[in-house]
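Sharing a structure with you now.
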Amino acid sequence: MTNPGNDPLTSEARLTVSTVPTPQKVAKAAAGQRLYDTARHAVVPFSPITPGQVRMYVCGATVDDAPHIGHMRAAVCFDVVRRWFLRLGYDVVFVRNVTDIDDKILRKAAAAHEQWWARAYHFERVFTDAYRRLGVLAPTYEPRATGQMPEMIELVQRLISRGHAYIIPNADGTPSGNVFFDVPSWKDYGELTHQSGGHSGTTGEDDEGKIADAMGPSVDETGADKYNPADAADLSDAKHDPRDFALWKAAKPDEPATAVWQAPFGAGRPGWHLECTTMAHRYLGNEFDIHGGGLDLRFPHHENELAQARAAGWGFARHWMHSAWVTAKGEKMSKSLGNGLSAERLLGDNPAWVVRYALASVHYRAMLEWGKDTLPSALAAAKRVERFVQAAGQAIRQPSREEVAGLSADDLPKDFVAAMDNDIDVSSALAVVFALIRETNQLLAGEHTAQNADRSAPTSDAMRPAAGANTDQTENNGRRRIRRNLLFVRSMLDVFGLDPLAAPFDGNISGQTQAVPGADDPTAKALDALVSARLAARQKARKDRDFATADAIRDELAGLGITVEDTASGPRWSFAG
RNA sequence: GGUGGGUUAGCCAAGCGGUUAGGCAGCGGCCUGCAAAGCCGUAUAGACGGGUUCGACUCCCAUACCCACCUCCA
């Protein structure tokens, strides 16, 4: 029950949320966990507030449009973090919201003559489908902003009553529905990104540049004032300070009635920052372990979320994690290139495992350079892993998913654990995986050359389990080691959500249809039977040293898209469909 | 203007003050009837200039260039 399930659609997380955590399940490796914290600007030791349980909130999508590669990267990054925590034996409460009411949703829906709620729900489902195809585990809970209105209104009132927010009145004195957070009233504003003006105490500084900088914006070299807030509410002259931001936005005459909620301070809808603060608080409590999101959310979104929560008297997130961009030629991929890299296109043109590998194999805080070689390189990795798992699984009994998922972090190679403990250093962790694949390939070659059976290189020290596992001195034969290594490789890959035999991949990770004995699919069965017949003929020809005929059969199959490889255990074929 | 990040071999990408990162693509070899796969070996690094040090890609300073956030944004 503490192990990650292999089906992203099953709510395995549901089973792990317990009100009574059991610390003794947690791996020893958890003690060495270190993570970068945005607020502290450093990699710091991580330990959860509640022993045995990690509560994390990740900003989810604003569902105004279809997901693109950047959304997928962020989702995969935090999915890997979550899977590592699961592997460490924690109960992980993973909350990822859906922002389903927002300026852009309203604007785009209006432009497309759609109901905003229909648009939001449609794209929410598109996001969910993309996550599922990539093997991103379903969140423990996925709240929608529109589902938390009472709590949001309550938070606004709480901030007003505590003197950290103010209502803009209409001319007649009634509340307008516009409510702002009073930044100068909160002296810690800027604690996350150190971005604040911190000028709240200064007086008589009417230098326009300084006022602008206190808010962030200024003019560029050409003198153009390119940083002015775009939202009408944020431009309001009624704001007490340029840094103040909207908690509640008054309903506008041209907005649909379905987008308006009644509140004591006037009808309207919540500001963006308020939504996340409310949802995180409702499901994770006054204080929780990790708040994550994309790098661009650092400021102002997370800064404002934090200010709201702290001003409301909550401890909020102890740890802030931010995932970096996917870049093309060094530049952030978004509007300009976003169209060419929609999730739909990516997953339509490439096997999901390959996409996930490409997204997961770079450190979450590093820019991921997306070039022409990225996908081919990931595809090569897929083939290597696929061949290895298949070949090893032929030499020994393939471990079950339960065995793979059942390994604790403490059972895994210590270098792998050290890498993951070190702020989720996936590059170094993957190096361990590939080193073990190579080592095991040597053993596999040895299995087929009987006389060399004992010549195999000893398992290097780095490949030994991190802790607690018995070293197999008496089981010093190749097959035991092959089996153990295969289990390690798959289990380590599983930490990345890349176990080839787990859902949603189920063995096909390179996009090639394998000949699977006993396949359920009747088409695959028929194909296998036909191809096997031709291969039998070829084997006979080869045995008779009639290589012309053998090669002719291979060419014939190649012409049909079927690749034949002769392995030690006989011919292996795959179909590039 | 403020804030933060980056510059590693053909490409992608890590750790580390002194010992092979890894992947992809090369090259040489083994294996193979041939091929593929696999294995073995191998070249090409650390923007630039100083400094600290017995020793720096790794620490410090300066310079150049690139990028991002401050506007919806993963």
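Per chain, numbering begins at 1; letters A, B, ... match sequence-line order.
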Would you classify M367(A) as touching base, sugar-phosphate or nothing, given that sugar-phosphate means primed atoms plus P, OP1 and OP2, and contacts are heavy atoms under 4.0 Å? sugar-phosphate
Look at all strands and tell whether R365(A) reaches a base, only sugar-phosphate, or nothing, counting heavy atoms closer than 4.0 Å. nothing
Find the distance D423(A):CG to rG5(B):P and express it as a whole number of Å. 14 Å
Are the aromatic rings of H319(A) and H291(A) close, with centres under 6.0 Å apart? no
Of E331(A), M333(A), E369(A), K332(A), which is the lone residue that meets side-chain contact (heavy atoms from CB on, under 4.5 Å) with W325(A)? K332(A)
For G371(A), which contact category applies under a 4.0 Å heavy-atom criterion: base, sugar-phosphate, or nothing? nothing
I want to check one thing: is the phosphate of rC69(B), taken as OP1 and OP2, less than 4.0 Å away from some side-chain N or O of K332(A)? yes
Distance criterion of 3.5 Å, no angle test: do you see the side chain of R554(A) paired donor-to-acceptor with the base of rA35(B)? yes
Have a look at R40(A) and say if it touches a base, only the backbone sugar-phosphate, or nothing, with a 4.0 Å heavy-atom cut-off. nothing
Any base atoms under 4.0 Å from N441(A), or only sugar-phosphate, or nothing? Heavy atoms, all strands. sugar-phosphate
May I ask you to say what D551(A) touches in the nucleic acid, namely base, sugar-phosphate or nothing, with a heavy-atom cut-off under 4.0 Å? base
Touch check for R73(A), heavy atoms < 4.0 angstrom, all strands: base, sugar-phosphate only, or nothing? nothing
Base of rG33(B), side chain of R542(A) - is there a donor-acceptor contact under 3.5 Å? yes
Taking atom C1' in both rU20(B) and rU8(B), what distance in whole Å separates the two? 16 Å
Regarding V564(A), tell me which of base, sugar-phosphate or nothing describes its non-hydrogen contacts under 4.0 Å with the strands shown. base
Classify the nucleic acid contact of V426(A) as base, sugar-phosphate or nothing, counting any heavy atom under 4.0 Å across all strands shown. nothing
How far apart are the C-alpha atoms of K108(A) and D64(A), what are their side-chain angles, what is the distance that settles it, and do they pass the salt bridge (Lys or Arg N to Asp or Glu O under 4.0 Å) test? CA-CA 7 Å; K108(A) 289 188 180 180; D64(A) 62 279; 2.7 Å; yes
Touch class at under 4.0 angstrom, heavy-atom based, for F434(A) against every strand present: sugar-phosphate
Would you give the length of the straight line joining atom CD1 of I396(A) to atom CZ of R479(A), rounded to the nearest 0.5 angstrom? 8.0 Å
Touch check for D566(A), heavy atoms < 4.0 angstrom, all strands: base, sugar-phosphate only, or nothing? base
N or O in side chain of W272(A) less than 4.0 angstrom from rC73(B) OP1/OP2: yes
Pick base, sugar-phosphate or nothing for A324(A), based on heavy-atom distances below 4.0 Å to the nucleic acid. base
Please state how far atom CG in L297(A) lies from atom P in rU71(B), giving the value in whole angstrom units. 14 Å
Working to the nearest 0.5 Å, report the span between CG of L297(A) and CH2 of W320(A). 10.0 Å
